Amino acid sequence: MKRLLPLLLLMCACSDQATGPDGSTYVHSMDGAPDSLDPAWASTIYANTVVVNLYDTLYRYQYLARPYALAPNLAAAMPESSEDGLTVTIRIKPGVHFVDDPAFPGGAGREVTAADVIYSIQRHFDPATRARGAWLWRDRIVGLDEWKDAGADYDTDVAGLVALDSHTLQVHLTRPYPQFVHTLAQGYAGVVPREAVEAYGRAFGAKAVGSGPFRLVSFDSARVVMDRNPGFRAETFDLAAEGYDAGTQSGLGLEPLQGRTLPLIDRLEVEFIAEDAARWNALRGGEIDYIKVPAAQFDQVLATRKPLSLVPDLADEYAVAAAREAGFVYTNFDMSNPLIGHSDDPDRDERNRALRCAIIRGFDWEQRNERFFSGIGAVFPGIIPPDVPEHDPAQDRTSVQRDVEGARALLAENGWTAESLPTLTYGYPSSVTERQMFEQFRAFMADIGYPHDRIKPLVYARFGDYQRAYSEGEVMLITSGWTMDYPDSENLVQLFYGPHAAPGANSASYSNPEYDALFEQAAPMPPSPARTELYRRMNQMVIDDCATISGLSRTLVFMWQKDARMLPDRSFTGGYFLRFVDMASADE
């Protein structure tokens, strides 16, 4: 019954605000759907993309700046930090209002205050919210964990979250946290009004009462429709402030947008289309304006890859761009499962490690890259991909090089036979591509002697269902991807930090006290060679323990209708870029 509830909520999420747009409409697409629009549940790229358009966060990333850089959003300026890094003071813009909603007295949206920011962070620590973002602030803010342990009473103050006045927030940290301001640019940090949360209860995830650039019209498992928020604060497009680089971005047609009021379109629709072929057909049929091109289409779409260009039949109609993803894809072992992960029996623990290492040796990253990523993904060892400063290009690559005979020998040396190997469950959300990846994996394992019938698929209707399942330890092999929340490798190594175990970001539930100690040593350190060395040691520990089959960073190719003037992004600017999209009128 629990599984059905979110779907039922989504099915009845249509709003009485639904009206046709008077002006321009841009139709985006994503390959997955959010299971909630509550910022406290914004744990996927799909949810985050939508949430930051409905809710304000204190900070966001500049639209055009590369490397990525933060900018004030609801905040009036960048934060002021004390010399010891333990006190952060943030002033928020006056005159910002939540959208009108029956949850407010008289239905008129009230002004957003510092108390709303505090409440929104507190919700992540309220067990009743069942939030997914507490890991961002756990043990980081003075008194917040204790507030949770004492019963999460919103009428009790948290020592580390102080409203100095209605528009000034002061945060007291337990220790320096260089990434703290980045956490305030995540969908998790969307500012919600307490009145709406209490008025709608569980249904709040389908209501969306925010102060972002758009307001919700309707939401279901197929699409979300948003209209321009007529009360959105007066902000204009400033090329310089967004980090515009004429040398690389002059071809995007953004210059005439200078000074225009945000958001630039009247209606934003996002279609959730899981199947690659269906998304492609929707683009070609004019139903959507943008697509992340399926890798299976690369050969048909691209005339050249360096530089990127479209085949002539498409070049007149569409624009194209490519970017290496800020993240990677992997298959984690559920280390909490004693059949394949950690075991209290030292002998079994070592045999399980050998089993995992054999599976890794049997995995063929070159074939995976060629078959599903058109050979243009970047295969790398461990969890620190090539495009972040802490990546070590000299690192040993044995863990990503196939060795079938070595895998077979490792199994035999540790007493694993076809009869004794445990049955593995391999989970994925329903799609043709995911099924093909599973079958490829099973074929890899057959080569090392793993019986076909001992690797079983667990297929889930939606990504949200799949995520819930592996978060609750129902899946032994967790195939997924991680898009970095912020441009700092701390966001990568935290994926294997013990206290972040499932349902937190450590979906492998990896537990290694030595690793945890290094993480805690590095956590308060600013970027430096010393911190890089710690991260590289942690990366090697994950490789040595064979906790994950990793990894590959995809090269993403974007195509969009030329009528849409924009620079699409799937990483840090993510959903934020949608407020800057403009659709050319027919006479332009």
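If you're wondering where the values come from, they're calculated on a predicted model, not measured in any experiment.
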Check your understanding: Would a distance-only check, ignoring hydrogens and angles, find a side-chain to backbone donor-acceptor pair under 3.5 Å from Arg228 to Pro263?
Key -> yes
Check your understanding: So, Arg123 and Asp38, do they make that salt bridge, N to O below 4.0 Å?
Key -> yes
**Study point:** Salt bridge Glu235-Arg260, side-chain N to carboxylate O under 4.0 Å
**Key:** no
Check your understanding: With no hydrogens and no angle check, is any side-chain donor or acceptor of Lys562 less than 3.5 Å from a backbone partner on Ala315?
Key -> yes
Practice item. May I ask you to check whether Arg140 and Gln179 show a side-chain donor-acceptor distance below 3.5 Å? Key: no
Point to revise | Whether Ser120 side chain and Val192 backbone form a donor-acceptor pair below 3.5 Å | key: yes
Revision key, fill the gap. d(Phe577 CZ, Arg570 CZ) to nearest 0.5 Å is 10.5 Å
**Study point:** Taking every non-hydrogen atom, the tightest pair across Asp582 and Ile265
**Key:** CA-CG2, 4.2 Å
Check your understanding: Relative to each other, are the rings of Phe328 and Tyr330 parallel, tilted or perpendicular (30° and 60° limits)?
Key -> tilted
Check your understanding: Roughly how far apart are Tyr119 OH and Leu161 CG, rounded to 0.5 Å?
Key -> 14.0 Å
Practice item. Could you pull out the closest heavy-atom pair between Tyr486 and Gln186, with the gap in Å? Key: CD2-NE2, 3.9 Å
Check your understanding: How far apart are the C-alpha atoms of Arg130 and Arg202, what are their side-chain angles, what is the distance that settles it, and do they pass the side-chain contact (heavy atoms from CB on, under 4.5 Å) test?
Key -> CA-CA 10 Å; Arg130 300 193 305 166; Arg202 291 288 304 278; 3.0 Å; yes
Review point. Any salt bridge between Arg215 and Asp100, counting N to O under 4.0 Å?
Key: no
Check your understanding: Would Leu169 and Ile118 satisfy side-chain contact (heavy atoms from CB on, under 4.5 Å), going step by step from the backbone distance to the final call?
Key -> CA-CA 8 Å; Leu169 168 72; Ile118 293 173; 3.4 Å; yes
**Study point:** Nearest-0.5 Å distance that lies between atom CH2 in Trp41 and atom NE2 in His124
**Key:** 12.5 Å
**Study point:** Main-chain N/O of Leu495 paired to His500 side chain as donor or acceptor, under 3.5 Å
**Key:** no
Check your understanding: Will you find, in the side chains of Tyr576 and Asp569, an N or O donor that is under 3.5 Å from an N or O acceptor?
Key -> no
Check your understanding: So, does Asn73 use its side chain to make a donor-acceptor pair with the main chain of Thr57 at under 3.5 Å?
Key -> yes
Check your understanding: Does the side chain of Phe463 come within less than 4.5 Å of Asp35's, by heavy atoms?
Key -> no
Review point. Is it true that Glu242 and Arg60 make a salt bridge, defined as a side-chain N closer than 4.0 Å to a carboxylate O?
Key: yes
**Study point:** Flag side-chain contact, heavy atom, 4.5 Å: Phe496 against Ile383
**Key:** yes
Exercise for review: Decide whether His97 and Glu111 meet the rule of one side-chain donor and one side-chain acceptor closer than 3.5 Å.
Suggested key: no
Review point. According to the interplanar angle, ranging from 0 to 90°, do the rings of His28 and Tyr26 count as parallel (below 30°), tilted (30 to 60°) or perpendicular (above 60°)?
Key: tilted
Exercise for review: Indicate the ring-plane relationship of Tyr63 and Phe237, choosing parallel, tilted or perpendicular according to the 30° and 60° boundaries.
Suggested key: tilted
**Study point:** Side chain to side chain, Leu283 and Met559, heavy atoms closer than 4.5 Å
**Key:** yes
Study note, to complete from the structure: Sequence neighbours excluded, the answer for side chain to side chain contact (heavy atoms under 4.5 Å, CB included) partners of Thr113 is Ala115, Asp116
Exercise for review: Could you check whether the rings of Tyr177 and Phe180 sit parallel, tilted or perpendicular, using 30° and 60° as the cut-offs?
Suggested key: tilted
Review point. Taking the side chain from Asp101 and the backbone from Phe104, do they hold a donor-acceptor pair closer than 3.5 Å?
Key: no
Study note, to complete from the structure: So CG of Asp238 and CG of Leu64: to nearest 0.5 Å the spacing works out to 10.5 Å
**Study point:** Ring centres under 6.0 angstrom apart (Tyr428, Tyr466)
**Key:** no
Point to revise | Nearest heavy-atom neighbours spanning Ala42 and Gly187 | key: CB-C, 4.1 Å
Practice item. For the pair Ser29 (side chain) and Glu271 (backbone), establish whether a donor and an acceptor sit closer than 3.5 Å, ignoring hydrogens and angles. Key: no
Check your understanding: So Val96 and Ile92, side-chain contact (heavy atoms from CB on, under 4.5 Å) or not? Walk me through it.
Key -> CA-CA 9 Å; Val96 176; Ile92 66 175; over 6 Å; no
**Study point:** Shortest non-hydrogen contact from Ser553 toward Gly327
**Key:** OG-O, 2.7 Å
Point to revise | Interatomic spacing from CD in Glu434 to OH in Tyr460 - rounded to 0.5 Å | key: 13.0 Å
Point to revise | Arg110 side chain reached by Pro193 side chain, heavy atoms, under 4.5 Å | key: yes
Exercise for review: Grab the two heavy atoms, one from Tyr61 and one from Ala185, that are nearest each other, plus how far apart they are.
Suggested key: CE1-CB, 3.9 Å
Review point. For Gly575, does its backbone N or O pair with a side-chain atom of Asn53 as donor and acceptor, under 3.5 Å?
Key: yes
Practice item. Could you tell me whether the side chains of Thr261 and Thr236 share a donor-acceptor contact shorter than 3.5 Å? Key: no
**Study point:** Side-chain heavy-atom pair Ser489, Leu492 within 4.5 angstrom cut-off
**Key:** yes
Practice item. Is it possible for you to check whether Lys207 lies under 6.0 Å from the centre of the six-membered ring of Tyr200, through NZ or CZ, and within 45° of that ring's axis? Key: yes
Review point. Given Arg66 and Gln249, is the side chain to side chain donor-acceptor pair (under 3.5 Å) satisfied, shown in steps?
Key: CA-CA 11 Å; Arg66 304 292 185 274; Gln249 298 168 338; over 6 Å; no
Check your understanding: Between the side chains of His391 and Tyr535, is a donor N or O closer than 3.5 angstrom to an acceptor N or O?
Key -> no
Review point. Taking atom types as modelled and ignoring hydrogens, do the side chains of Glu269 and Thr25 form a donor-acceptor contact shorter than 3.5 angstrom?
Key: no
Review point. Does one side chain, of Tyr68 or Ser571, offer a donor that lies under 3.5 Å from an acceptor on the other?
Key: yes
**Study point:** Candidate pair Leu184 and Ile90, rule side-chain contact (heavy atoms from CB on, under 4.5 Å), full reasoning
**Key:** CA-CA 11 Å; Leu184 302 178; Ile90 299 168; 3.6 Å; yes
Point to revise | Heavy-atom closest pair, residues Ala206 and Leu216 | key: O-CD2, 3.5 Å
Review point. Is there a side-chain contact between Val112 and Phe98 (heavy atoms, below 4.5 Å)?
Key: yes
Check your understanding: Can you find a pair of side-chain heavy atoms, one from Asp289 and one from Tyr318, that are under 4.5 Å apart?
Key -> no
Point to revise | Expected output: side-chain Thr555 to main-chain Ile376 donor-acceptor under 3.5 Å | key: yes
Check your understanding: Does the side chain of Trp135 come under 3.5 Å of the side chain of Asn506 through a donor N or O and an acceptor N or O?
Key -> no
Point to revise | Reported OG1-to-CG distance for the pair Thr573 and Leu567, which is rounded to 0.5 angstrom | key: 7.0 Å
Review point. Is the closest side-chain heavy-atom distance between Pro294 and Arg279 below 4.5 Å?
Key: yes
Practice item. Please check if the side chain of Asn229 supplies one atom and the backbone of Gly212 the other of a donor-acceptor pair under 3.5 Å. Key: yes
